[in-house]
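Here's the structure we're looking at; comments come further down.
Every number for a ligand or one of its atoms is a count from 1 in the order of the listing.
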Amino acid sequence: MTAVPATPSSPHVMNTYGRLPIALSHGQGCRVWDVNGREYLDALGGIAVNTLGHNHPKLVAALQDQVTKLIHTSNYYHVPLQEELAKLLVERSGMTNVFFCSTGLEANEAALKLARKFGHDKGIERPEIVVYEKAFHGRSIATLSATGNPKVQAGFGPLVEGFIRVPINNIEQLKAATANNPNVVAVFFEAIQGEGGVNPMHMDYLRDVRALCDERDWLLMIDEVQCGMGRTGKWFAHQWAGIQPDVMPLAKGLGSGVPVGAVVAGPRAASIFAPGNHGSTFGGNPLAMRAGVTTIHTMEAEGLLANAATVGAHLKAGLERALAAELASGAVKEIRGQGLMLGIDLSKPCAALVQRAADAGLLISVTADTVIRLVPPLIMTTAEADQVVAILCPLIIALLKEAV
Ligand SMILES: *Cc1c(COP(=O)(O)O)cnc(C)c1O
């Protein structure tokens, strides 16, 4: 391996990310190494993607086998692995049918189309969809219009119309914003907002919105792209509230690193699309499906839902202990989230911590300016969680002591 300079440059790759001066070379479990041989503990998991960590023997073997059979065919033909993965998702969600695509925004785009056609099918010509402040649904023109972050939207207007925006966890404001509006067709949100700062929807709120959607004949559409696939300790985060959505976009952790997106639909949304209404060239290709099937089987064989719950609780408790004084003083505002989707909300911007943590051998992210986000592989051990606390908390405490 050739050593890379401290700041690797990419003169030919479009400049769309503020990247750290690190180039990763390989990984094993929850650890990755850069091209200079430095080791990092991975508490980011490719942003909630690497469910099984890196170089998982079962996933690697399954993908190697699949590559020799078929990588891609086309949706002109039946793809038996689609039926296999769809069945696994349907059984675990209690829903009924699945459309496959490759990314999160594509899954959300399909959900938005479903909602609009649901409206048109019952004579609503200008359907409107309720979305939320601080939401993140992707970067296509429609999904960035649904996103509640002015930074994501700036420079890309005119935005797509037909969205009504409300704050999270306030059922009265949802009712007020939709009062006497016959064009509303759906309510669309993340069960735990990811990019917006790890903001969970309250259980009561989830149940209230479900009831309202039933009462008004709206689709309840829950974006589980980040919080789904076992991350919170249940297959899907909304299951903690004992409810079921009508439409559920998935992606990120579904293929454990191989791009796979899916829209899972319940009975009210399963038959809205007919042939010709929607499609995706890569969607549901055999390689991606094999990754999804193997991810789910391996999660079950290794008890990763339970692991996400216990290691997540252990990690949260460890953070609370190490930051007890800062929590008491308000310098750390809150540690929130569930399972292995945790956010540490500081009283000041903390983007600088991403580089400092990497320098100390830990990969993390910071979102919404002040929130440290931990979304590690679901195979993380309690010993590794302890190591996250040991590396991260002194850096947080030092940052909080610096003059602004
Ligand atoms: C990441 C994310 C998306 C977008 O997924 P892409 O695969 O990047 O298109 C959509 N919704 C949520 C909640 C996400 O976290």
- Describe, in one word, how the ring planes of Phe188 and His137 are oriented to each other, choosing from parallel (under 30°), tilted (30 to 60°) and perpendicular (over 60°). parallel

- Residues at least two apart in sequence or cross-chain that pass side-chain hydrogen bond (donor to acceptor under 3.5 Å, both in side chains) with Thr370, listed by chain then number, are Asp345

- Does any pair with a residue in residues 62-80 pass salt bridge (Lys or Arg N to Asp or Glu O under 4.0 Å), and if so which ones, sequence neighbours excluded? Asp65-Lys69, Asp65-Arg290

- Measure the acute angle between the ring planes of His278 and Phe99, then classify it against the limits of 30° and 60° as parallel, tilted or perpendicular. tilted

- Residue pairs, two or more places apart or on separate chains, that pass salt bridge (Lys or Arg N to Asp or Glu O under 4.0 Å) and touch residues 178-196: Glu195-Arg373

- Query: Given Ile379, which of Asn50, Val311, Leu304, Thr51 fulfils the side-chain contact (heavy atoms from CB on, under 4.5 Å) condition?
  - Reply: Leu304

- What residues sit with at least one heavy atom under 4.0 Å from ligand 1? Thr103, Gly104, Leu105, Asn108, Phe136, His137, Glu190, Asp223, Val225, Gln226, Lys252

